[in-house]
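Everything below concerns the one structure shown next.
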There are 2 protein chains.
Amino acid sequence: MNIHDVVKKSGLSIVTVSRVINNSPTVREVNRQKVLKAMEELNYQPNSAAQSLVRGKTGIIGMSITNLNDSFYDRVIKAANRKLADQGYFLTLSISEHEGEGETNNFLFQRDRVDGIILLSPIEEEQYVAELKKKKIPFILLDNQYEHDDVSSVLVDNFQGGYDATRHLIDLGHTKIAHIGGPTIFLSVTERKRGYVQALADAALTPFAIEYSGFTVSSGYDAAKKWIREDTLPTAIFAGDDFIALGVIHALREEGIMVPHDVSVVGFDDQKLASEFFPRLTTVRQPEAQMGSIGVDLLLEQINGQMEAPTVTKLSPQLLVRESTAYLKQP
Amino acid sequence: MNIHDVVKKSGLSIVTVSRVINNSPTVREVNRQKVLKAMEELNYQPNSAAQSLVRGKTGIIGMSITNLNDSFYDRVIKAANRKLADQGYFLTLSISEHEGEGETNNFLFQRDRVDGIILLSPIEEEQYVAELKKKKIPFILLDNQYEHDDVSSVLVDNFQGGYDATRHLIDLGHTKIAHIGGPTIFLSVTERKRGYVQALADAALTPFAIEYSGFTVSSGYDAAKKWIREDTLPTAIFAGDDFIALGVIHALREEGIMVPHDVSVVGFDDQKLASEFFPRLTTVRQPEAQMGSIGVDLLLEQINGQMEAPTVTKLSPQLLVRESTAYLKQP
DNA sequence: CTGAAAGCGCTAACAC
DNA sequence: GTGTTAGCGCTTTCAG
């Protein structure tokens, strides 16, 4: 079943049918109706492969992700999805389970499969970037790890996030402030830590303790337990993300140490789930919607050739003060 | 840049080039190498729109999801992704934010965009099913809400899951067993409850209390708090999912009620996160990998026309006994 | 083993 | 306004 069936059924020519499909204004209303009726009756839909072939574009934007199951991704993706829909594009997601070295096997990475690609929080992105450049596929980076001055990307100022979180604890009178970071392969992790160190330095303080761990509840739990065991518990903790923070609070509570009464805790990411526990977590929210939106703009500009030069946009995160932080308890 | 450039560069004909692209064995090795070399040098990749057009298939399977951010989805998707890759297909995800009524606006829902579609945990799937049938797009349902005897689908036996969870509590000596279900629009929710009621009945017991709520930590929290306030706390609780269970445990702990010492709690879904808290949650694990795998098989059979008749497969979930359940405390 | 020719379904000039 | 003609880039008969 194809356009020719519609041609027969409607009695008009193939060109007119095509025009109706593409909403061309230069079709007499009577004929348009005839065509529409025929399409309706035949339950016809144009073949998108043929359209893509002749137009040289697909109307689809691909997004490569390495993971689901995280509020941050969820929000970025949904924002991009909506924004693209507004512009007449579709978003398609592809999971790229990091397969170590070797050629990337991502089906999106083919010119003409998609009009452009968004790489969300890529891990070891170099190979992807190189491949996309080589294939001349328009793409941008969201929340990437490395600096690429010749690729457009949107980043969150994790340094500032770390700084603000720590500054908040300092403002509450804390001086024994520890930090538990995530996996150090992430730039975001080292940036957050850098912000933490800087905020302390600006207040003439030094890190009370720094641990690195996974972005998981259990690693936060373990770190806190260790401090308790060694009797080196700080009065405030800046956790690298909300899961770590949750683990910390959990461990403290098990030992009868109250948050925020005895110890203040700040998280990062504003995971949806984390905000449902009590005390509600003070955390740093990343501007996911903005990231998605700006990323889409950047990519579409590039696709439409309106791009001046690659841009790196750094967005500010926002400290959300809730209930897991409080003034330092007077001795 | 297209196949003709490769033709020129290699000195062979377009047909031979095409054969090399498609790994046809009927090409002399010398010529194959020439073509390969030319493709390599030109950095050539066949145009997939053209291939799809002429072949009448895309090699892509679409999956429509309504939500990310859940271990269950994550596992199903990854399983399907891998299985499809093994069979030479690619998986592409599309987020379908439930837009109420109206025509579905899912770009996947176009014949020739994809070779087939998997609907994962669809909400109000009727309209989708109707549309896909109308468009004659091969599809299957995973974890669907309604019974469709003319569509292949893979379900989890939520009744059994509820039964097993409850039976476990009964075996531990509990008789005051309450249930907190999720949103009742989900078939899974009512099935789990049915299993709960049946297990009780088989032991000559009756439901101690039944609440319905969202699949969230806070609703579990609220339900437990309410019971405590009204002094109607059961000795065991079967929660509709892990988040609810987490909320319950959180509320109990706030009141100094220990799990599992004072109250036993069972969850559902084995959310990755939930297993990191202590006590580690006893829960019901759904066979996500199997679902993904069987779903893919069913879909590919349908696509290849090897399908006898639509099949509904019901898989058994598995009770994972961990630390949030214990024998009824002797008074 | 190789190539010439036809055509997948559609759009974009260009005439009328 | 409308239709004729030529491809988009590729695969697939069917001869040779």
Side-chain angles (χ1 to χ4, degrees), chain A residues 1-39 42-60 88 107 110-115 135-137, chain B residues 1-39 42-60 88 107 109-115 135-137 303:
Chain A
M1 215 267 294
N2 59 27
I3 198 170
H4 293 106
D5 297 304
V6 181
V7 169
K8 277 184 213 134
K9 187 121 194 157
S10 67
L12 279 297
S13 83
I14 184 174
V15 184
T16 304
V17 173
S18 175
R19 286 193 177 113
V20 172
I21 292 170
N22 295 286
N23 286 314
S24 164
T26 72
V27 176
R28 197 168 293 162
E29 188 54 28
V30 211
N31 293 333
R32 151 170 271 107
Q33 289 309 328
K34 278 188 195 158
V35 173
L36 251 20
K37 181 154 168 290
M39 297 203 307
L42 289 169
N43 194 6
Y44 166 82
Q45 277 207 293
N47 180 303
S48 41
Q51 292 187 147
S52 299
L53 179 57
V54 65
R55 286 187 189 145
K57 52 179 305 202
T58 62
I60 297 177
F107 85 100
Q110 227 176 99
R111 244 186 122 34
D112 66 56
R113 274 250 201 249
V114 292
D115 294 341
K135 294 188 178 164
K136 305 213 172 106
I137 303 177
Chain B
M1 218 267 293
N2 60 27
I3 198 170
H4 293 107
D5 297 304
V6 181
V7 169
K8 277 183 215 136
K9 187 119 192 160
S10 67
L12 281 296
S13 82
I14 183 173
V15 185
T16 303
V17 173
S18 174
R19 286 194 177 110
V20 172
I21 291 171
N22 295 285
N23 286 313
S24 164
T26 72
V27 177
R28 196 168 295 165
E29 188 54 27
V30 210
N31 293 334
R32 153 170 271 105
Q33 289 308 330
K34 277 187 196 160
V35 173
L36 251 20
K37 182 156 169 286
M39 298 204 306
L42 290 168
N43 195 6
Y44 166 81
Q45 276 207 294
N47 180 304
S48 41
Q51 289 183 319
S52 299
L53 179 58
V54 65
R55 293 209 265 244
K57 52 180 304 203
T58 62
I60 298 177
F107 85 101
F109 287 31
Q110 228 178 98
R111 245 187 122 33
D112 67 54
R113 273 249 201 247
V114 292
D115 295 342
K135 294 189 179 165
K136 305 213 171 107
I137 303 178
I303 289 172

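Convention: sequence-line order gives letters A, B, ...; per-chain numbering from 1.
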> Rounded to whole angstroms, how far apart are CZ on B:Arg113 and P on C:dG9?
Replying inline: 17 Å

> Between B:Lys57 (NZ) and C:dG9 (P), how many Å, whole number?
Replying inline: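 To the nearest whole Å, that distance equals 16 Å.
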
Determine whether [X] and [Y] make a side-chain contact, defined as any pair of heavy atoms from C-beta on separated by less than 4.5 Å.
X        : Y       : value
B:Arg113 : B:Thr58 : no
A:Leu42  : A:Val6  : yes
B:Asn47  : B:Asn2  : no
B:Ile21  : B:Tyr44 : yes
B:Thr16  : B:Lys34 : no

>> Protein within reach of the bases, or only the backbone? For nucleotides 8-16 of chain D, mark each nucleotide 5' to 3' as B, S or -, using heavy atoms under 4.0 Å.
In response: BBSBB----

> Pairs in or reaching into residues 9-32 of chain A: which pass salt bridge (charged side-chain N to carboxylate O under 4.0 Å, His left out), with residues at least two apart or in two chains?
Replying inline: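 Sorted pair list: A:Lys9-A:Glu41.
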
> Is the shortest side-chain N/O distance from B:Thr26 to OP1 or OP2 of C:dC1 below 4.0 Å?
Replying inline: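 For B:Thr26, the contact criterion (side-chain N or O under 4.0 Å from OP1 or OP2 of C:dC1) is not met.
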
> Which part of the nucleic acid, if any, lies within reach of B:Thr16 when heavy atoms closer than 4.0 Å are counted: base, sugar-phosphate only, or nothing?
Replying inline: sugar-phosphate

